[in-house]
S.K.: 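This structure is in structure tokens; I'll ask about it shortly.
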Protein chains: 2
Amino acid sequence: MTADRIGADGADGEPAGPRAADASRASIRAVANLAGVSPSTVSRALNSPELVNAETRRRVLECADRLGYQPNRAAQSLVLGRTRNVGLIVPDIANPFYAPFIKGVEAYFRDTEFAVFLADTDEDTATEVRLAEAMIERVDGLILCAPRMSGTRLRAVAAKTAVVLANRTSRNAPSVLLDFEPGMDQAVAHVHALGHRRCAYLAGPANSWSNKQRRRLLGAACAERGIELADLGPYEPRFTGGYRAADEVLAAGVSAAFAYNDLVALGVLSRLTARGVQVPGELSIVGFDDVPMASMTNPPLTTVAMPVNALSRAAAATMHSTLDPGAPKAPPLPPVSELATRLLIRGTTGPV
Amino acid sequence: MTADRIGADGADGEPAGPRAADASRASIRAVANLAGVSPSTVSRALNSPELVNAETRRRVLECADRLGYQPNRAAQSLVLGRTRNVGLIVPDIANPFYAPFIKGVEAYFRDTEFAVFLADTDEDTATEVRLAEAMIERVDGLILCAPRMSGTRLRAVAAKTAVVLANRTSRNAPSVLLDFEPGMDQAVAHVHALGHRRCAYLAGPANSWSNKQRRRLLGAACAERGIELADLGPYEPRFTGGYRAADEVLAAGVSAAFAYNDLVALGVLSRLTARGVQVPGELSIVGFDDVPMASMTNPPLTTVAMPVNALSRAAAATMHSTLDPGAPKAPPLPPVSELATRLLIRGTTGPV
DNA sequence: GAGGATTATGAAAACGTTTGCGGAACAGTG
DNA sequence: CACTGTTCCGCAAACGTTTTCATAATCCTC
């Protein structure tokens, strides 16, 4: 029977009144004393309910609740060897392309035992590696979004912690990717259909994987259709980067421009409008990303949309399943078709 | 002398060759063995150099380096009782007003021993408290940016961890604030000077501190100048929230509108432009925040600018100094004048 | 050169958990 | 009743640090 133990309840340790919880100071030992059991039993009651008597468990839980007991995470991490944190590093929080990605990852982990560390590299490679180093000590895994660090550096990081890559490939870590090809192909076909034969690519950061990717696919699609492609840039991948691009693209004598992303496309559009240049009359513009603002300008931006939400959840799920074998396995990567990009034709493209 | 110890160097423990670091597996004990000292000495060499012999220290450091030793943070946290993490909770990462704030805080802590946990509540109060609860266990302090949680809840949080508030006051925690008054006053004076006598306030979230604050000051400034103020909303504090606001403000028969923030102002502007309404000809618009996009629209937005960067650094510094007594004390709060807002007159305000 | 002050180091306790091992109580089986 | 198996629980070790305390070695001073 457990009756005697119940009887012992109020006898030893703390007074049994409904005292206010003592501000995160209650240890597992305090709970154990109050409940008249050993710390082991408390731990088991909390973590493996099937190992303790139902009545004992009820009592332990009640005592834990009364004391406002919260297990000390440092102690748990120490013995378990896991932090139950994951890190997320993105190039720029302020870039509206990454916001949905971040939200997707955070939303995914909100319902798990994991908390996420988010950091912003300010588009700077050195900061990126410093942040990665700092995070490694505190997390079980790292989601790297469009990382710029070198391959060898990436390998070093992956050697120390679980890594999943978004928008970047590597032999050393799993990655989730967008399939740029469909959207890019549609964009070039669209521009071609409108009669454009001389176009420009407004490049983003030279060491960016997506920049290379976009340039490559664009080159191929243009070549295939006999479109001449001029390379401009690189430009800062921001709105203001588009200002400079606008002036240079005008001077380049092309009739259409593909921007590295929506921000520079929007910057180009703004600058052109300010200079009194007609869009799409004198120049057609195609963006990349479909950030929220893209649909809100005048004219609204023709752009290539990405299923960022699917991408972020895929990244999070991949990480989760490598960290916690009990996690919903799901297909480690959704079928590529889910991550296909597609062209959104709006107002900034027109006949030459 | 220490010569004998040097001689002992390669004799015991690990082979002395430049082995590759063993993937974060090296403990302080391994370093101690390799260096031929006790773990205590290694700890001291790392944390309180003045307590160990210079030569010993050099040797320890070299061994630590060779093994790629990284102290285990969980163990440190456990004994020290501090995590050396701080949490930062904001309503919405995608809101361009918060991005600079976040970056400011992250930049501040980048050069300290602290790492920052960032989370986004999606403007949802319940999520906010859940995130706060989850973070409390993992951080030494929490920076709450424009929190919406109730006062009692806030007190409960502040009882468990150090808290600093941004854009919200409370008896239970220090806060850093923007002084809305100057900017607001300038805005009303500006609109009054242009001849407007019937204006509207496009409200933000009803439970938001800044919303109340703005409404109050606006009401006072308008009353003082004999301007009639209509209350519209609340609206979602986003671009799309402005769409609905635009239609309602047109129906309200006013000649000028103060938006809760730039996003809704921009939304209004966009919707109005789409409906063919002249801005500022038929309606003048004043925003709040001076987000980057505000200067890039056509016409550019008249808005009240905030020294967000100063605000975020003040918040971070306040937190830092309460956490680490050794931190640069600085004035706990910069003089209010530094945090004053001011009106930026651009293109969306004109004579009635 | 004896004594006290100073410096450098090691041993061990402590932080708060989890978990392997073993033992006690009890149930079932022959 | 003896034996085996099961259920429940406590003891103690372990995780990797930091820090107190004690001790040995060295230095200084008269």
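To find a chain, count down the sequence lines: A is the first, B the second, and so on, and within it residues start at 1.
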S.K.: Rounded to the nearest Å, what distance is computed from the CZ atom of residue B:Arg82 to the P atom of nucleotide C:dC15?
M.R.: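 Those two atoms, CZ and P, are 18 Å apart.
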S.K.: Tell me which pairs pass ring pair (Phe, Tyr, Trp, His ring centres under 6.0 Å) where either residue lies in residues 129-172 of chain B, with sequence neighbours left out.
M.R.: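 Matches after skipping sequence neighbours: none remain.
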S.K.: Check the distance between D:dT18's C1' and B:Leu51's CG and give it to me in whole angstrom.
M.R.: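 Taking atom C1' of D:dT18 as the reference, CG of B:Leu51 is at 12 Å.
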S.K.: Before giving the answer on side-chain contact (heavy atoms from CB on, under 4.5 Å), spell out for A:Ile93 and A:Tyr98 the whole-Å C-alpha distance, their side-chain angles and the decisive distance to 0.1 Å.
M.R.: CA-CA 6 Å; A:Ile93 291 184; A:Tyr98 295 117; over 6 Å; no
S.K.: Just how far, in rounded Å, is C1' of D:dT19 from CG of B:Leu46?
M.R.: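 Going from B:Leu46 (CG) to D:dT19 (C1'), I get 15 Å.
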S.K.: Please figure out whether A:Val42 or B:Arg57 has its closest DNA chain C nucleotide nearer the 5' end.
M.R.: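 The 5'-side residue here is B:Arg57.
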S.K.: For D:dG10, does either OP1 or OP2 sit under 4.0 Å from a side-chain N or O belonging to A:Thr41?
M.R.: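 For D:dG10, OP1 or OP2 has a side-chain N or O of A:Thr41 closer than 4.0 Å.
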S.K.: Are any of A:Gln76's side-chain N or O atoms less than 4.0 Å away from OP1 or OP2 of C:dT18?
M.R.: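 So the side chain of A:Gln76 is within the cut-off, an N or O lying under 4.0 Å from OP1 or OP2 of C:dT18.
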S.K.: Determine the contact category for A:Val52: base if any of its heavy atoms lies under 4.0 Å from a base atom, sugar-phosphate if only primed atoms, P, OP1 or OP2 are that close, otherwise nothing.
M.R.: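 Sugar-phosphate: the residue A:Val52, judged by heavy atoms under 4.0 Å, touches backbone atoms but no base.
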S.K.: Starting at atom CG of B:Asn72, determine the distance to atom P of D:dA14, rounded to an integer number of angstrom.
M.R.: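 B:Asn72 atom CG is separated from D:dA14 atom P by 17 Å.
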S.K.: Rounded to the Å, how far apart are A:Arg73 CZ and D:dC15 C1'?
M.R.: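 In whole Å, D:dC15 C1' lies 17 Å from A:Arg73 CZ.
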S.K.: Under the salt bridge (Lys or Arg N to Asp or Glu O under 4.0 Å) rule, what pairs show up with a residue in residues 67-78 of chain A, not counting sequence neighbours?
M.R.: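 Of all non-adjacent pairs touching residues 67-78 of chain A, those that pass salt bridge (Lys or Arg N to Asp or Glu O under 4.0 Å) are A:Arg73-B:Glu137.
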S.K.: Which atoms of nucleotides 11-13 of chain D (N or O only) lie under 3.5 Å from a protein N or O atom, and what are those distances?
M.R.:
| from | atom 1 | to | atom 2 | distance (Å) |
| --- | --- | --- | --- | --- |
| D:dC11 | N4 | A:Ser40 | OG | 2.8 |
| D:dA12 | N6 | A:Ser40 | OG | 3.4 |

S.K.: Among all residues two or more places apart in sequence or in another chain, which pass the side-chain hydrogen bond (donor to acceptor under 3.5 Å, both in side chains) test with B:Glu113?
M.R.: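 Result, side-chain hydrogen bond (donor to acceptor under 3.5 Å, both in side chains) vs B:Glu113: B:Arg82.
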S.K.: If I take atom CG in residue B:Leu80 and atom P in nucleotide D:dC15, what distance separates them, rounded to the nearest angstrom?
M.R.: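 Distance, rounded to whole Å: 20 Å.
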S.K.: Does C:dT17 have OP1 or OP2 under 4.0 Å away from a side-chain N or O of A:Ser43?
M.R.: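 It does not, given that no N or O in the side chain of A:Ser43 lies less than 4.0 Å from OP1 or OP2 of C:dT17.
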S.K.: Starting at the 5' end of DNA chain D and moving along, which residue's nearest nucleotide shows up first, B:Ser48 or B:Leu78?
M.R.: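 Of the two residues, B:Leu78 wins.
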S.K.: For A:Glu50 and D:dC9, give me the distance from atom CD to atom C1', rounded to whole Å.
M.R.: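 Computing the A:Glu50:CD to D:dC9:C1' distance gives 14 Å.
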S.K.: Listing request: all salt bridge (Lys or Arg N to Asp or Glu O under 4.0 Å) pairs with a residue in residues 27-52 of chain B, at least two apart in sequence or in separate chains.
M.R.: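 Listed by first then second residue: nothing to list.
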S.K.: Under 3.5 Å, which donor-acceptor pairs link side chains of residues 143-150 of chain A to any protein atom two or more places apart or in another chain?
M.R.:
| from | atom 1 | to | atom 2 | distance (Å) |
| --- | --- | --- | --- | --- |
| A:Arg148 | NH2 | A:Glu123 | OE1 | 2.2 |
| A:Ser150 | OG | A:Thr152 | OG1 | 3.3 |
| A:Ser150 | OG | A:Arg153 | N | 3.1 |

S.K.: Tell me: CZ of A:Arg58 to P of D:dC8, nearest whole Å?
M.R.: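 Rounding to the nearest Å, CZ of A:Arg58 and P of D:dC8 are 16 Å apart.
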S.K.: Taking OP1 and OP2 of C:dT18, is either one under 4.0 Å from a side-chain nitrogen or oxygen of A:Asn47?
M.R.: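 So the side chain of A:Asn47 is within the cut-off, an N or O lying under 4.0 Å from OP1 or OP2 of C:dT18.
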S.K.: Side chains of B:Asp140 and B:Thr83 only: does a donor on one sit below 3.5 Å from an acceptor on the other?
M.R.: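 Yes, because at least one side-chain N or O of B:Asp140 sits under 3.5 Å from a partner of the opposite role on B:Thr83.
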